[in-house]
Amino acid sequence: MISSGAERAGRRWSRRLAVLLLPLAVALPPGTADAEYADVVLNRLSEAADMAPVIFPHWFHRVRFRCKVCHSDSELGFKMRVGANPMDMQRLQEGEYCGACHNGQIAWGLENCELCHSGKMGLPTHIKGGHETSGPGRW
């Protein structure tokens, strides 16, 4: 079991890293990012609402949390299949899916649109590299 001192040190390290990386994310003009390997691009509703697609950095989250945090019915409930999660901003604002953590207390809030809606217009919904590895798009 991790001691509370080690746990606090880990949280401080995570906050420091976030403070260092946040200016880099804000420095990118909205709608200019391209997906990297294992990123999840969400564009089912974004462009229809005149917003850039969402690029979800899967591995950035995966190194911090076990799979079951997001991919279990008892936690956030994400299904491991492209298009199987009926996300929209209303559900996020109600604390479902990403909104469970991105609430302004645990992680940045939903008012920071450009931090998630950072993809190039026209990017299709997909998992970058999933087709090459028979990965999450086929689970």
Side-chain angles (χ1 to χ4, degrees):
M1 179 152 215
I2 298 175
S3 72
S4 60
E7 196 172 296
R8 283 193 303 274
R11 284 194 304 265
R12 281 194 306 269
W13 183 86
S14 293
R15 282 194 298 267
R16 287 181 186 136
L17 182 62
V19 168
L20 290 172
L21 294 177
L22 188 59
L24 295 175
V26 174
L28 286 174
T32 60
D34 201 357
E36 296 182 10
Y37 183 78
D39 285 350
V40 179
V41 178
L42 304 168
N43 197 6
R44 186 173 54 88
L45 302 173
S46 297
E47 286 190 24
D50 206 27
M51 294 291 294
V54 170
I55 295 185
F56 171 71
H58 183 262
W59 287 113
F60 182 84
H61 290 78
R62 177 57 188 97
V63 298
R64 287 159 183 76
F65 307 104
R66 298 185 75 173
C67 300
K68 71 179 185 175
V69 170
C70 298
H71 298 290
S72 74
D73 291 335
S74 63
E75 299 276 343
L76 299 181
F78 283 99
K79 294 180 179 30
M80 286 198 219
R81 185 141 190 86
V82 174
N85 301 289
M87 286 192 304
D88 58 32
M89 290 307 297
Q90 170 130 8
R91 286 178 183 243
L92 272 60
Q93 290 166 350
E94 293 170 355
E96 293 183 50
Y97 298 111
C98 308
C101 294
H102 286 277
N103 57 14
Q105 295 174 339
I106 298 172
W108 68 71
L110 301 175
E111 67 278 357
N112 298 302
C113 307
E114 70 283 352
L115 295 180
C116 299
H117 288 274
S118 60
K120 292 179 182 176
M121 296 299 265
L123 282 175
T125 296
H126 71 289
I127 298 172
K128 179 76 172 190
H131 67 289
E132 297 162 351
T133 62
S134 297
R138 296 186 57 170
W139 291 349

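Side-chain atoms are counted along with the backbone in the values below, which use heavy atoms only and exclude waters and symmetry mates.
- Distance check: Asn112 CG to His117 NE2 gives 11.5 Å after rounding to the nearest 0.5 Å.
- Applying the side-chain hydrogen bond (donor to acceptor under 3.5 Å, both in side chains) criterion to Asn85, with sequence neighbours excluded, gives no partner residue.
- Atom CD of Glu111 has more than 12 neighbouring heavy atoms from other residues, nucleotides or ligands inside a 6.0 Å radius.
- Considering CG of Leu42 and SG of Cys116, their distance stands at 9.5 Å, rounded to 0.5 Å.
- For the salt bridge (Lys or Arg N to Asp or Glu O under 4.0 Å) condition, the pairs that include at least one residue of residues 89-108, sequence neighbours left out, are Arg91-Glu96.
- His102 meets the ring pair (Phe, Tyr, Trp, His ring centres under 6.0 Å) test with Trp108; sequence neighbours excluded.
- Scanning all heavy atoms of the two residues, the minimum distance from Asn43 to Thr125 falls at N-OG1, 2.8 Å.
- With sequence neighbours excluded, the residues that form a ring pair (Phe, Tyr, Trp, His ring centres under 6.0 Å) with His61 are Phe56.
- Contact check for Pro53 versus Met121: side-chain heavy atoms found under the 4.5 Å cut-off.
- Chaining together hydrophobic side chains whose heavy atoms lie under 4.5 Å apart leaves Ile106 on its own.
- Using a 4.5 Å cut-off between side-chain heavy atoms of Ile, Leu, Val, Met, Phe, Trp and Tyr, with links allowed through other members, Met51 and Val54 fall into different hydrophobic clusters.
- Nearest heavy atoms, Ala52 versus Gly119: CB-O, 3.3 Å.
- Alongside Val41, the hydrophobic cluster contains Ile55, Leu123 (criterion: ILVMFWY side chains under 4.5 Å).
- Ala48 is linked by a side chain to side chain contact (heavy atoms under 4.5 Å, CB included) to nothing, counting only residues two or more places apart in sequence or in another chain.
- Nearest heavy atoms, Lys68 versus Glu75: O-CG, 3.3 Å.
- Phe65 belongs to a hydrophobic cluster whose other members, connected by ILVMFWY side-chain contacts under 4.5 Å either directly or through intermediates, are Val69.
- In this view, Leu92 and Met87, Met89, Tyr97, Cys98, Leu110 satisfy the side chain to side chain contact (heavy atoms under 4.5 Å, CB included) rule, not counting sequence neighbours.
- The salt bridge (Lys or Arg N to Asp or Glu O under 4.0 Å) contacts involving residues 41-53 comprise nothing, where partners must be two or more places apart or lie in separate chains.
- Under the rule for a side-chain hydrogen bond (donor to acceptor under 3.5 Å, both in side chains), the partners of Ser72 that lie at least two apart in sequence or sit in another chain are Ser74.
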